[in-house]
Each structure stands twice: as structure tokens, then as C-alpha cells.
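A quick write-up on the structure given underneath.
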4 protein chains.
Amino acid sequence: MRPMSGAGTSAGQRLAGARGRIDKRRAILDAAFTVFAREGYAQAGVDVIAAEAGVAKATVYNHFGDKETLLRQTFAALADSALTQNLAAVERLADHGGELRAMLEDVGFHLLQCYCDDRSWAMRRLLSAEINQFPDLLDIVQGQVADRVTEALADRLARLALAGRLRTTDPLLAAEQFSALLSGPVDKRSRLGTRHVPDTELRTVASAAVHTFLKAFAAEPAEAT
Amino acid sequence: MRPMSGAGTSAGQRLAGARGRIDKRRAILDAAFTVFAREGYAQAGVDVIAAEAGVAKATVYNHFGDKETLLRQTFAALADSALTQNLAAVERLADHGGELRAMLEDVGFHLLQCYCDDRSWAMRRLLSAEINQFPDLLDIVQGQVADRVTEALADRLARLALAGRLRTTDPLLAAEQFSALLSGPVDKRSRLGTRHVPDTELRTVASAAVHTFLKAFAAEPAEAT
Amino acid sequence: MRPMSGAGTSAGQRLAGARGRIDKRRAILDAAFTVFAREGYAQAGVDVIAAEAGVAKATVYNHFGDKETLLRQTFAALADSALTQNLAAVERLADHGGELRAMLEDVGFHLLQCYCDDRSWAMRRLLSAEINQFPDLLDIVQGQVADRVTEALADRLARLALAGRLRTTDPLLAAEQFSALLSGPVDKRSRLGTRHVPDTELRTVASAAVHTFLKAFAAEPAEAT
Amino acid sequence: MRPMSGAGTSAGQRLAGARGRIDKRRAILDAAFTVFAREGYAQAGVDVIAAEAGVAKATVYNHFGDKETLLRQTFAALADSALTQNLAAVERLADHGGELRAMLEDVGFHLLQCYCDDRSWAMRRLLSAEINQFPDLLDIVQGQVADRVTEALADRLARLALAGRLRTTDPLLAAEQFSALLSGPVDKRSRLGTRHVPDTELRTVASAAVHTFLKAFAAEPAEAT
DNA sequence: AATGAATGAGACTTCATTCAT
DNA sequence: TATGAATGAAGTCTCATTCAT
């Protein structure tokens with residue numbers, strides 16, 4: 001999980017001025033997540049984070065003030081990126097006339113990929129771990145990400161229902177149950193994110209989820225078979 | 001802090017001589033869970049646990065050797081009690097001729113009660129938090145409890161299928177999806193166990209889960225309405 | 001300023017029980033004063049104090065909780081011993097018929113010895129240094145020591161006045177001025193306690209002070225010559 | 001924070017080009033004294049001083065090199081201003097035929113005002129605090145200020161003695177005792193400069209000091225009454 | 001068996017100082 | 001010249017663990 005992969009860096013190295021600061025900030029955030037995820041908040045040493053980021057310990061404090069703030073900013077950054085990925089997955093669900101089942105399986109698969117991403121698991125574990133000491137983290141994660149994704153999913157399901165391809169009067173419930181049918185079974189298989197679940201297995205789970213989902217919500221029996 | 005059931009201790013309880021020792025051990029385990037749950041493993045001080053248990057810090061070490069062992073023993077005791085409660089809930093699912101939907105809703109509701117129990121949430125959060133440092137805890141919780149409960153549920157569903165009341169060829173998948181439809185929606189509602197979910201809400205969730213479940217798995221269309 | 005000199009220690013070493021704790025407490029207090037006096041409160045490291053006391057750093061915290069408390073307790077202990085010494089000096093001023101001038105010079109000399117004691121200077125410097133951060137220290141030093149000594153001196157002067165050997169209606173003022181005439185001149189000579197003032201010099205100062213004092217307060221011109 | 005007098009700067013003030021630089025230097029010195037006086041040398045952060053002066057931390061280092069130098073320069077500037085004020089007070093003691101007692105009380109009062117000035121107390125406290133680490137500060141304060149003031153006072157007393165208005169063969173001793181009778185009693189009353197002593201109280205102290213002083217040193221009994 | 005006292009290692013955080021712009 | 005950013009060293013305090021009683 002080394003920071004600053006890709007193209008942006010080399011350019012930044014040359015524009016030394018303000019870029020250096022930004023780059024260091026990113027490096028620290030990335031390192032912080034790596035270490036928090038690996039060792040837990042309380043156990044994670046700021047020394048270690050600084051070393052992983054390649055800066056001095058005091059630099060971490062110059063940027064973030066204290067360890068708590070660092071944790072919160074780490075979550076904020078994570079939530080940002082997670083939201084983007086999940087919404088992209090949901091947006092695959094558009095009624096462009098294709099086969100409903102295949103489309104749902106595709107969306108389900110991509111949502112599961114988001115869900116099973118290492119960073120995704122790590123974030124959820126960290127959230128679980130620290131929710132007592134930092135209840136506001138839940139608002140970042142659930143309010144800023146999970147709820148919005150569910151809402152977006154409900155929107156798409158509602159449009160499918162309007163188009164007569166699904167039958168439900170409560171698209172939010174449908175979205176929740178769709179999510180549950182996807183994530184529930186992988187929870188056990190992935191051992192809380194400890195074991196990598198291969199894509200083929202994700203497709204199987206998505207397929208089973210869609211199978212059950214369509215039995216319950218398909219507009220026409222033909223599609224539920 | 002309810003005492004934990006289990007056969008091994010009752011014998012000890014009767015030996016008056018060892019009584020004090022056993023009591024202290026129990027007190028320490030209870031206190032450990034309370035403090036671990038409240039503050040997290042790394043943050044929890046052995047002083048605090050000892051104080052909560054009403055013993056001296058050194059006594060904790062006399063009994064458990066070190067903090068890691070104390071954590072593991074705490075989990076073992078918890079898992080014991082959780083398994084008992086969950087199995088009791090599953091066993092309500094017996095084909096004594098009653099209405100299928102009502103029976104499933106009853107089981108679902110009681111499973112959700114187990115799932116939403118404060119100690120249950122605390123245990124799962126603690127497990128999430130420490131799975132990197134103590135991977136073996138997962139075996140205790142998932143292997144000794146979750147899997148067994150799912151298996152027991154699958155057993156009961158299989159018997160209902162054999163009796164012609166459900167239609168499925170993969171009772172384990174059905175059990176998993178039933179569980180997912182139950183727990184998924186409450187996950188969001190309970191804010192990772194931070195918010196108490198009232199029984200009426202649990203019944204609503206159970207009912208919605210059973211509704212979808214029966215649409216997918218009911219043997220006769222009549223039962224799925 | 002090594003702690004625990006003298007006879008009390010060897011006995012304490014053998015009565016291991018509660019004496020060990022007490023001895024360590026004293027050792028820490030002594031070391032704390034040494035280091036505070038040498039380096040100032042803010043600059044003094046608790047490590048250094050612990051090392052000087054021959055205990056582990058954590059032991060200092062076990063006994064005193066934090067550095068502030070350690071400072072206050074140090075002052076309290078110092079004030080105690082300073083009070084005792086000063087009162088002993090004042091008590092030399094008793095009307096047992098001896099020559100008045102000689103007696104006053106004797107008291108003045110012994111008061112100056114207290115005043116010029118290394119620890120005495122160090123305490124006053126430390127007090128000056130920290131009065132902004134710890135205003136309550138002044139109450140310990142001034143209220144518990146200085147004021148009481150002045151009062152005791154005023155008492156003795158009052159008795160001399162009653163006996164017709166001094167002439168004053170305000171013994172407290174007389175006491176204050178007597179003290180001022182003693183300490184004022186040595187202040188400059190001792191360079192804030194940095195330079196040792198030899199006893200002969202103290203006697204000279206005391207003599208000059210008494211000379212002026214008697215000119216102002218002697219009952220009979222004969223005694224003021 | 002009153003500006004400090006002194007000849008060296010006025011030249012710089014007129015060179016418009018260097019004006020900003022000089023102003024900043026002055027601002028830093030003023031800020032340094034404020035902060036040193038409030039928090040003590042060790043505790044005072046260079047950040048805080050810089051902020052109080054309205055400059056960047058590095059600017060402080062550009063001007064003064066390091067914190068020690070800053071402290072010394074601060075003392076030098078202070079001593080300058082203190083010397084001026086004290087000498088002005090002493091110069092009020094001139095034999096222009098007025099009543100001796102009134103004149104001494106006037107001088108005593110003005111000396112006490114210097115002595116009780118906030119900055120004066122702060123400087124003495126700071127000196128006490130740091131004399132171990134910076135023994136040379138004493139030379140600045142005692143050598144450059146206190147001794148000179150005492151000498152000047154001794155000079156004036158000597159002239160009064162020559163004029164037959166006082167009786168003493170050791171004017172330096174008389175000056176010291178005069179100072180002692182003034183400052184001694186206010187020391188206690190001002191709580192090391194922590195409490196403001198009102199002018200009326202200063203006049204009372206001056207009056208009592210002069211009363212005693214004249215009893216001891218008045219040339220004619222008439223003036224000592 | 002239970003405890004009070006002691007400790008060494010390590011945690012977070014601050015701060016005087018320097019460097020490049 | 002003035003500054004924002006970075007840092008190494010150090011400081012206060014905590015904690016899991018051990019030892020003697």
C-alpha cells in the first residue's frame with residue numbers, strides 16, 4: 001500500500017513548491033490507513049505511521065495536530081474513495097433494454113468487489129473497533145457512504161419498477177434486501193476480510209442473490225425462472 | 001453482566017474450598033469482557049479490569065498469565081453462551097403443523113434478538129478489531145458458533161423441504177440467505193450495536209425477511225402471498 | 001544532597017516492610033528538590049529526578065501522580081523544615097537578663113544563617129520562578145513559614161518592650177524592619193544565593209543591623225550607643 | 001509594553017530603510033519579555049514569542065540567533081530602562097534646603113514605585129529563576145543597575161552628611177539600610193509582585209522606613225522625632 | 001492464593017532549530 | 001530579509017508484567 005503510485009507523482013516532484021506539502025499529506029494519510037488497518041488505532045504508533053510515510057514524526061503532527069484527527073481524516077479520505085467506487089457500480093444498473101437478470105448479476109458482482117476490497121474490509125473493521133471511542137466515524141461511513149449507495153440503488157430499482165420490469169412498492173426495502181443477499185453470504189466466506197474471495201466465487205454469490213431476489217421481485221414469472 | 005452457563009463450572013461451585021477461586025475467575029472474565037468491550041483490547045488496562053473485578057492486578061496475572069490469554073478465555077466463555085442462545089432460537093423451528101410463515105417469523109425474531117444483544121454486538125466488534133492480531137479468535141466465534149447455528153438452521157429447513165413445505169435443493173444456501181435477509185437490514189438500523197433496536201422493529205424486519213424468503217422458497221404459491 | 005544520610009537508614013533497610021516505601025518517598029522528595037533547584041521546574045526531567053533518587057521513573061509517578069504534585073510536595077516538605085529552623089533561631093530571643101545587644105546580634109546571626117542556607121535560597125528562587133504557574137506555592141512558603149516567623153519575632157519583641165527594654169508600640173513593624181535590616185544587605189552580597197557568605201560576614205551584617213535597630217528602638221540611650 | 005529608552009536606537013529610527021527591521025527587533029524584544037515573564041524561560045515557546053510579536057518564528061532566529069541570546073538581549077534592554085528610572089528617583093534627593101524628612105519620604109516613595117513596577121518584579125523573578133543557568137544575567141542586573149543605584153544613593157547621603165544634616169561615617173551602609181527598610185516590608189505585601197500595592201500603601205511604608213532611618217541617622221534629635 | 005510496590009519499555013506530543021524559497 | 005515546512009531530540013506519563021510478602 002505504498003502511496004503515490006501512478007503519474008501524478010513525478011510531476012509533483014518537480015513542482016516542488018506547494019506540491020511537496022500536498023504529497024506529504026497524502027503519503028501520511030495512506031500510511032496512516034495502512035498502519036491503522038494493520039495494528040488498530042490504539043496500537044498503531046505515530047512513529048510507525050511516520051516511518052511508513054517517509055516523514056518525521058513531527059511532520060505528522062504539523063499536518064494533523066493529533067492522532068485522533070489523523071484517524072478522522074483518514075476515514076474521510078477513505079469514505080470519499082469508497083463512495084465513488086460504489087456509485088460507479090450502482091450506475092451500471094440502467095434500463096438499456098438488456099436482460100434484467102444479467103444486469104443485476106453484473107451490478108451485484110461489482111458491488112461485491114467493492115465490498116470485498118481489502119481497504120473496504122479494513123475500514124469496516126476499524127470502524128467496528130473504534131465506534132465506542134469515536135462514534136462520529138459512523139456518520140462518516142454510514143451517512144456519507146452506505147446510506148447514499150443504498151439510496152442510489154433504490155432509485156435505480158424504482159425506475160425498473162416504473163418501467164414494469166420489477167414489482168415492488170418499497171424500493172428502499174428491495175435495495176436493502178438486495179444488498180443483504182449479496183453481502184451476507186460473503187461475510188462468512190471471507191472471514192471478516194481475512195481471506196481473499198476470488199471473483200468466480202463472487203459471481204456465484206451474486207448469481208444466487210439475484211436468483212432469490214428475482215423470485216421475490218420479478219415482474220413476470222418468466223424472468224424469475 | 002449475566003453469568004455464563006455451562007456444565008464445567010457447576011461442579012466447581014459445590015466444592016466450597018475452591019469456591020472463592022472460581023468466583024474470582026468468573027468475576028475477572030466478566031470484568032474483562034466489560035472493559036474490553038468498552039475500551040478495546042489495546043486500550044483496556046489490566047488495572048481497570050482488576051478494579052472492575054474487585055481484585056488486585058497481580059491476581060489477574062495469577063489466573064490468566066497474560067493479557068492475550070485473558071482475551072482468548074473471555075472469547076471462549078462468550079462464544080459458549082452465544083451458541084446456547086442461538087441454538088435455542090433455531091430449535092423453535094419444528095414442524096409441529098403450525099402455520100409456516102408464523103413459525104419462520106418467530107424464529108427470525110428470536111435470532112435477531114440474539115444478534116442484537118449488547119454482548120453479541122460487543123463480541124463481534126471486538127473480533128473485528130482484533131482479527132489481525134489474533135486470527136484464531138475467528139475460529140472460536142465463527143467455527144464454534146456461527147457455522148454451527150447456520151448448520152442447525154439448514155437442518156431444520158431441510159426437514160421442512162422433505163416435508164414438502166419448502167422448495168429448495170440447497171438448504172445451506174437457503175439458511176445463509178435467510179440469515180442475510182434478517183441481519184442485513186438491522187445492521188444499518190442498529191448503528192453497529194450502538195443504538196438499541198426495539199422488539200417491534202425486529203419483528204418488522206423479521207416479517208419482511210420472511211416475506212421475501214417465502215416468495216423465493218415457499219413450496220406452494222398460497223403460502224407465499 | 002544525597003538522601004538518607006545518617007542513622008535512620010540502616011535500621012529502615014532491615015525493617016523492609018513499610019519503611020522501604022517511606023524511604024523511597026523521602027529519597028524522591030530530596031532528589032526532586034536537588035534537581036528542581038539546579039535546573040528549574042520546567043527544565044527538570046522526571047528521569048533525572050528518578051535517577052538521582054535511585055528509583056525508576058514510574059515509581060515517582062506511583063508516589064506523586066504527576067510533576068506538579070511532586071513540586072508542591074517538595075515545597076511542603078521544605079517549608080516544614082525551614083519553619084522549624086527559623087523558629088529555633090527566634091526562640092533564642094528570651095529575656096534572661098543578658099545584654100540586649102548581644103542577644104539581638106545572636107538572633108540576627110542565626111536568622112541570617114537560615115536565610116543564607118543553600119536550600120533556603122534555592123527554595124526562594126524556585127518560588128520566584130514558578131509563582132505565575134503555581135500561585136499557591138506562595139501560600140505554603142509565605143503563609144506557613146515567613147509570616148509565622150515574623151509573628152514569633154514580633155511576640156518576642158513585644159515581651160522585651162513590656163519588660164521595658166525596647167520602645168515600640170508596633171512590634172510587628174519592628175519585627176519586619178529588623179528582618180529587613182538583616183536580609184536586605186546580604187541579598188546583594190550573596191548574589192541571589194549564588195555566592196556563599198561566610199559566617200564572619202553574617203556577623204558583621206547582623207551587628208550593623210542591630211546597631212541601627214537599637215538606635216531606633218532601644219529603650220535607654222545607653223543601650224543604643 | 002512601554003518602549004525602552006536609550007540613545008543607540010534613535011539614530012536607527014531615522015534611517016527609513018532600516019526602520020522596519022528595527023521595529024521588528026523591538027517588537028520581538030517586547031514580546032519576548034512579555035512571554036518570558038508570563039511563562040518562564042524554559043516554558044516560553046519561541047513560537048509564542050513570535051506570534052506575540054507578529055512575526056514568523058524563523059525571523060526571531062534571524063535576529064537573535066538562539067533563545068539564550070534572546071533572553072540576554074531582553075535583560076539588557078530591561079536593565080537599561082530600569083537604571084534610568086531608578087536614577088531619576090534618587091536624583092530627587094538634593095539638598096535644596098527643604099525639610100529632610102519630607103524629602104527622604106519622597107525619594108523612598110519613588111524608589112518603591114520603581115521597585116514595585118510590574119516589569120521590575122517580572123525581571124527579578126526571571127533573574128531568580130535562571131540564575132543557575134545564566135549566571136551572567138546577574139551582572140547585568142546587579143552590576144549595571146542595583147549597585148549603581150545604591151552608589152548614587154550613597155553619594156547623595158554623603159553630601160547630606162557633609163552638609164551636617166545626617167550623621168554617618170559609612171554612607172554606603174546607610175544607603176543599603178535605607179533600601180532594605182524600604183523594600184523589605186513591601187516584599188511581603190506584594191506577594192512577589194503578584195499583588196499590586198497601591199500608592200498609599202507605598203507611602204506608608206516609605207514613611208515608616210524614613211522614621212526608623214532618621215532615628216538612627218538624623219544629625220539632630222529634633223529631626224528624628 | 002492474593003496483593004502492594006516497583007519497573008522498563010514505549011506511547012503521544014512539544015519545541016528549538018534549520019533549510020529552501 | 002522573512003517565512004512556511006520539516007525535523008531530531010527530549011519530555012511527561014502509562015502500562016503490562018514481576019517480585020517479595
Side-chain angles (χ1 to χ4, degrees), chain A residues 16-18 20-25 28 42-50 54-68 70, chain B residues 17-18 20-21 24-25 28 41-50 53-70, chain C residues 16-18 20-22 24-25 28 42-50 54-70, chain D residues 17-18 20-21 24-25 28 41-50 53-70:
Chain A
R21 184 127 224 267
I22 299 275
D23 284 356
K24 279 197 170 147
R25 192 187 160 87
I28 294 169
Q43 201 68 337
V46 177
D47 325 34
V48 178
I49 293 174
V55 301
K57 205 190 332 183
T59 303
V60 176
Y61 284 91
N62 281 345
H63 279 264
F64 296 97
D66 63 5
K67 205 184 170 190
E68 278 195 33
L70 179 55
Chain B
R21 184 125 225 273
K24 284 205 164 143
R25 191 188 163 85
I28 293 170
Y41 172 74
Q43 200 69 336
V46 177
D47 311 44
V48 178
I49 293 173
V55 302
K57 198 176 8 171
T59 304
V60 176
Y61 282 90
N62 284 343
H63 277 264
F64 295 96
D66 64 6
K67 205 183 170 191
E68 283 193 29
T69 305
L70 179 55
Chain C
R21 185 126 224 268
I22 300 275
K24 277 193 172 151
R25 192 188 161 88
I28 294 170
Q43 201 69 335
V46 177
D47 323 36
V48 178
I49 294 174
V55 302
K57 202 193 332 184
T59 302
V60 176
Y61 283 92
N62 281 345
H63 278 264
F64 296 97
D66 62 6
K67 205 184 170 189
E68 278 195 33
T69 304
L70 179 55
Chain D
R21 181 126 226 274
K24 282 204 167 145
R25 190 188 162 85
I28 293 170
Y41 172 74
Q43 201 68 337
V46 177
D47 312 45
V48 178
I49 293 173
V55 302
K57 198 177 6 171
T59 303
V60 176
Y61 282 90
N62 284 343
H63 278 263
F64 295 95
D66 63 6
K67 204 182 170 190
E68 282 194 30
T69 305
L70 179 55

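Residue numbers start from 1 in every chain, and the chains themselves are labelled A, B, ... in the order their sequence lines are given, proteins ahead of strands. All values reported here derive from a predicted model rather than from experimental measurement.
The side chain to side chain contact (heavy atoms under 4.5 Å, CB included) test with B/Val60 is passed by exactly one of B/Asp47, B/Asp66, B/Val55: B/Val55.
Remark on the helix from E/dA2-F/dT21 to E/dT21-F/dA2: inter-end axis angle 10°, axes from five-pair C1' superpositions, rounded to 10°.
Rounded to whole angstrom, the span from the NZ atom of D/Lys57 across to the P atom of E/dT14 amounts to 12 Å. What separates CG of D/Leu70 from C1' of E/dC15 is a distance of 15 Å, to the nearest Å. Atom CD of C/Gln43 is separated from atom C1' of F/dA9 by 13 Å (rounded to the nearest Å). The interatomic distance linking D/Arg25 (CZ) with F/dA2 (C1') rounds to 16 Å, in whole Å.
For A/Lys24, whose side chain is taken as the heavy atoms from C-beta onward, the closest listed nucleotide among F/dA6, E/dT3, E/dC19 is F/dA6.
If you check residues 61-68 of chain C against DNA chain F, the residues with a heavy atom closer than 4.0 Å are C/Tyr61, C/Asp66, C/Lys67, listed by number.
Considering all non-hydrogen atoms of both residues, A/Ala42 and B/Ala42 come closest at CB-CB, 3.7 Å.
A heavy-atom distance below 4.5 Å is found between the side chains of C/Ile49 and C/Leu70. Counting heavy atoms from C-beta on, the side chains of D/Tyr41 and C/Gln43 never come closer than 4.5 Å.
Heavy-atom nearest nucleotides on DNA chain F were determined for B/Ala58 and for B/Gly45, and the one closer to the 5' end corresponds to B/Gly45.
Among the atoms of the strands shown, only primed sugar atoms or phosphate atoms (P, OP1, OP2) are found under 4.0 Å from some heavy atom of A/Ala44. Across all strands, A/Asp47 comes closer than 4.0 Å only to sugar-phosphate atoms, never to a base (heavy-atom distances).
Donor-acceptor pairing under 3.5 Å is lacking for the side chains of A/Thr59 and A/Asn62.
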